[in-house]
Amino acid sequence: MDPWVHIIGGGLSGLSLASSLARFDDLPGRVVISEPNPEALASKTFSFWFSGDEEAFLRPEYSSSRWTLSDENHRVVHQGTRFQYGTRSGDHFLDSALQEIHNHSQIDLVHEFIDTRPKATHCFDSRPCAVDTFQLTQSFAGMEVIFDQPHGMSEAGLMERMRPTDSGLQFVYLLPLGPDKLLIEHTEFTARPADFSALAALNDRYLSQEFANKPYQLVRTEAAHIPMGFKQRAQHWGIPLGARGGMTRDATGYGYRTIRYACDQIAADLVKYDVARPFRRSAVTTWADRLFLNLIENRPDIIPQILMQISHRMTPDRFAAFMMMRSPSDLIHMLRAAPAKPFTCALLGRYRWI
Ligand SMILES: Cc1cc2nc3c(=O)[nH]c(=O)nc-3n(C[C@H](O)[C@H](O)[C@H](O)COP(=O)(O)OP(=O)(O)OC[C@H]3O[C@@H](n4cnc5c(N)ncnc54)[C@H](O)[C@@H]3O)c2cc1C
């Protein structure tokens, strides 16, 4: 018998769908997840903004109500009231998803690499797309380090020391994971995928400059190229899921919250109606993100200034809601805070007028 559901890839989205299906005791058929290396998920961390009523589902392990952005001259500190910035480790997510799958008699994780479309009533494809299909790329290299003494940081440094490069924008992302642990990631939004070793060298330099007298040990590293929009549509083996299915935000690369909720909805529709509906992001989000990507591609020099102005003029909660693009009104609040000229010129395709 062919499986009822076959999920290609047991990364964040594949396991999210499987664990949402595992909540139903009696499924219409067998569910198979094919994944050659499930443990790879353990080397990632997922951060996101969440409100109190989302905590039980999104399950952050660390959270902070303060986050910051800075360029070479200014710094903005946000203190959220409705939203907090939370982080869940891939390790934690993987453990609980594997437990849920293991406890369900109709769901199996198979350690295998799939090279043709499997036969199943519903097939989901979460294989990552090739980097050369990305419109822009978010490249980052990160180091999680543990200090011998408290590092003294309590807020998440979302985009610190933003500066333009010849192909986009560079910044450092600083995430406290407890009083003595820190994740440091040099990141680029770039038209040409960045060199991981160059970004890793910047992490080393940052640590030696900013924490000169604080010895630390390296806990783990992570590095990735994440899609920021796609130049062309890929061929899918069934319904696309996760980053392949447009569940990561083009303008930011954030995907955890959307993936978790979208996969939960897909699971509910599968069980209730035996129908697999692909994820559709709102046209407004796609349009706004495309405008922003075009600005990065054509005028990277003005991006730090624009982001600083937006974060300075928006309230912290509105900024957080916009980053997760929870409703179309979040975009209106962002556009009201944004400088009018760059966005108007971008709309007209006249980047030199900015
Ligand atoms: C290092 C890293 C950190 C991130 N941090 C954040 C964050 O902080 N916040 C946030 O919101 N988003 C974050 N993201 C973005 C997004 O949430 C992740 O990319 C997320 O993992 C996307 O889920 P996915 O299921 O599409 O892809 P993946 O999790 O990459 O899963 C795809 C899986 O498919 C498997 N696979 C590939 N080919 C085959 C095949 N032929 N057969 C079977 N299996 C196959 C792979 O082994 C892989 O496990 C991060 C991404 C990365 C890479």
Side-chain angles (χ1 to χ4, degrees), residues 6-19 32-50 54 58 60-63 67 85-94 97-98 109-118 123-131 134 137-144 156 158-159 173-175 177 183 185-187 193 196 199 220-228 230 234-263 266 279 320 323-325:
H6 198 132
I7 304 168
I8 307 164
L12 181 63
S13 63
L15 293 183
S16 292
L17 179 56
S19 66
V32 174
I33 310 128
S34 297
E35 167 59 55
N37 183 18
E39 287 72 29
L41 201 55
S43 66
K44 297 178 183 172
T45 45
F46 299 107
S47 295
F48 48 91
W49 279 269
F50 67 99
E54 295 174 329
L58 297 174
E61 292 165 80
Y62 316 97
S63 59
W67 54 87
Y85 191 69
T87 301
R88 189 174 187 194
S89 65
D91 215 6
H92 191 258
F93 172 80
L94 181 65
L98 291 183
L109 175 66
V110 184
H111 287 59
E112 63 180 351
F113 185 88
I114 293 286
D115 54 16
T116 51
R117 180 188 169 136
C123 192
F124 292 91
D125 187 356
S126 74
R127 290 169 302 147
C129 292
V131 176
F134 301 174
T137 304
Q138 181 181 152
S139 299
F140 60 86
M143 290 167 74
E144 187 179 316
L158 296 183
M159 299 179 96
Y173 175 72
L174 297 164
L175 185 66
L177 299 170
L183 178 66
E185 283 181 354
H186 271 84
T187 306
F196 289 143
L199 293 176
R220 65 178 181 93
T221 58
E222 68 179 33
H225 299 302
I226 303 184
M228 299 180 80
F230 291 100
Q235 293 290 322
H236 314 299
W237 292 336
I239 305 274
L241 208 61
R244 172 180 278 269
M247 294 178 186
T248 50
R249 178 95 183 267
D250 289 353
T252 60
Y254 281 99
Y256 176 83
R257 182 179 176 276
T258 304
I259 287 173
R260 300 283 290 120
Y261 280 114
C263 290
I266 291 173
F279 171 74
M323 291 300 279
M324 295 287 106
M325 200 65 116

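Just follow the structure's listing: the first ligand is 1, and inside any ligand the first atom is 1.
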Report every pair formed by an N or O atom of ligand 1 and a protein N or O atom separated by less than 3.5 Å, giving atom names and the distance to 0.1 Å.
unit_1	atom_1	unit_2	atom_2	d
ligand 1	5 (N)	Thr45	O	3.1
ligand 1	8 (O)	Thr45	O	3.3
ligand 1	8 (O)	Ser47	N	2.7
ligand 1	9 (N)	Ser47	N	3.2
ligand 1	9 (N)	Ser47	O	2.8
ligand 1	11 (O)	Ser47	O	3.4
ligand 1	11 (O)	Gly255	N	2.6
ligand 1	11 (O)	Tyr256	N	2.7
ligand 1	12 (N)	Gly255	N	3.2
ligand 1	25 (O)	Ser13	N	2.9
ligand 1	25 (O)	Ser13	OG	2.6
ligand 1	26 (O)	Ala243	N	2.7
ligand 1	29 (O)	Leu12	N	3.0
ligand 1	29 (O)	Lys44	NZ	3.4
ligand 1	30 (O)	Lys44	NZ	3.4
ligand 1	41 (N)	Ile114	O	2.8
ligand 1	42 (N)	Ile114	N	2.9
ligand 1	47 (O)	Glu35	OE1	3.3
ligand 1	47 (O)	Glu35	OE2	2.8
ligand 1	49 (O)	Glu35	OE1	2.6
ligand 1	49 (O)	Glu35	OE2	3.3

Below 3.5 Å, can you tabulate the donor-acceptor pairs from side chains in residues 35-45 to any protein atom, sequence neighbours excluded?
unit_1	atom_1	unit_2	atom_2	d
Glu35	OE1	Gly10	N	2.7
Glu35	OE2	Asn37	N	2.8
Ser43	OG	Ala40	O	2.8

Check the pair Glu61, Arg88 against salt bridge (charged side-chain N to carboxylate O under 4.0 Å, His left out), reporting the backbone distance first and the verdict last. CA-CA 5 Å; Glu61 292 165 80; Arg88 189 174 187 194; 5.0 Å; no
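- For the pair Arg127 and Trp237, the cation sits on the ring face: its NZ or CZ lies under 6.0 Å from the ring centre, inside 45° of the axis.
- Contacts of Arg260 classified as salt bridge (Lys or Arg N to Asp or Glu O under 4.0 Å), with partners at least two apart in sequence or in another chain: none.
- Partners of Thr187 under the side chain to side chain donor-acceptor pair (under 3.5 Å) rule, at least two apart in sequence or in another chain, do not exist in this structure.
- Taking 4.5 Å as the limit, every side-chain heavy atom of Pro193 sits out of range of all side-chain heavy atoms of Phe134.
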